[in-house]
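In what follows, a structure is listed as structure tokens, so that the remarks can point back to it.
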Amino acid sequence: MTFQQLEIGDYFRIPGMSDRCVYRKANSSHCSLNALLQPIRAKIKVTPLIFGEITNYFALKQEFLQSLRR
């Protein structure tokens with residue numbers, strides 16, 4: 001699948017990048033990574049995340065943020 005085929009708001013990974021890098025489609029030419037907009041080519045291959053992967057991503061992120069408060 002390509003970035004262009006995703007819907008705005010979809011979460012995805014880019015093959016070959018770290019599994020920790022989860023992106024979200026912000027618009028037709030940008031994605032977000034940790035709330036920072038990044039330009040991206042429309043034809044780049046992406047792997048969309050399924051619901052369980054998104055849930056796990058947010059659980060790990062929440063756990064990390066809570067560890068910073070301790």
Side-chain angles (χ1 to χ4, degrees):
M1 172 175 267
T2 65
F3 177 75
Q4 180 178 355
Q5 295 171 305
L6 293 172
E7 297 288 328
I8 292 176
D10 285 351
Y11 289 89
F12 64 94
R13 288 194 173 101
I14 299 173
M17 300 294 285
S18 170
D19 283 345
R20 291 183 173 184
C21 293
V22 173
Y23 300 87
R24 185 173 187 223
K25 184 171 182 173
N27 59 37
S28 62
S29 62
H30 288 81
C31 62
S32 63
L33 174 65
N34 298 325
L36 298 173
L37 285 180
Q38 308 283 324
I40 188 168
R41 292 185 212 121
K43 300 288 184 191
I44 194 160
K45 297 284 185 194
V46 299
T47 304
L49 300 183
I50 60 171
F51 182 77
E53 291 172 312
I54 296 168
T55 303
N56 186 48
Y57 165 72
F58 279 110
L60 291 172
K61 189 172 186 177
Q62 182 68 25
E63 185 179 301
F64 172 73
L65 292 173
Q66 288 177 348
S67 74
L68 295 176
R69 292 183 185 171
R70 296 178 195 152

Smallest separation among heavy atoms of Ile8 and Ala26, with atom names: CG2-O, 3.5 Å
Going by heavy atoms in the side chains, are Cys21 and Ile14 under 4.5 Å from each other? no
Give, for atom CD1 of Ile40 and atom OG of Ser32, the distance between the pair rounded to the nearest 0.5 Å. 10.5 Å
Just by modelled atom types, is the Thr47 backbone N or O under 3.5 Å from a matching donor or acceptor in the Arg13 side chain? no
Among all residues two or more places apart in sequence or in another chain, which pass the ring pair (Phe, Tyr, Trp, His ring centres under 6.0 Å) test with Phe12? Phe3, Tyr23
Show me the pairs that pass ring pair (Phe, Tyr, Trp, His ring centres under 6.0 Å) and involve residues 25-53, at least two apart or across chains. none
Do Val22 and Ile54 share a hydrophobic cluster, counting only Ile, Leu, Val, Met, Phe, Trp and Tyr and linking them when any side-chain heavy atoms are less than 4.5 Å apart? yes
Give the C-alpha distance, both sets of side-chain angles, the deciding distance and a yes or no for side-chain contact (heavy atoms from CB on, under 4.5 Å) between Ile50 and Glu53. CA-CA 5 Å; Ile50 60 171; Glu53 291 172 312; 3.4 Å; yes
Please report the interatomic distance OG1(Thr55) to CG(Leu60), rounded to the nearest 0.5 Å. 11.0 Å
Do Leu37 and Met17 land in one hydrophobic cluster if side-chain heavy atoms of ILVMFWY residues count as linked below 4.5 Å? no
Looking at Gln4 and Lys43, what are the two nearest heavy atoms and their distance? OE1-NZ, 3.4 Å
Please, which pairs that meet side chain to side chain donor-acceptor pair (under 3.5 Å) have at least one residue in residues 57-70, sequence neighbours excluded? none
Kindly compute the distance separating NZ (Lys45) from OG1 (Thr2), expressed to the nearest 0.5 Å. 6.5 Å
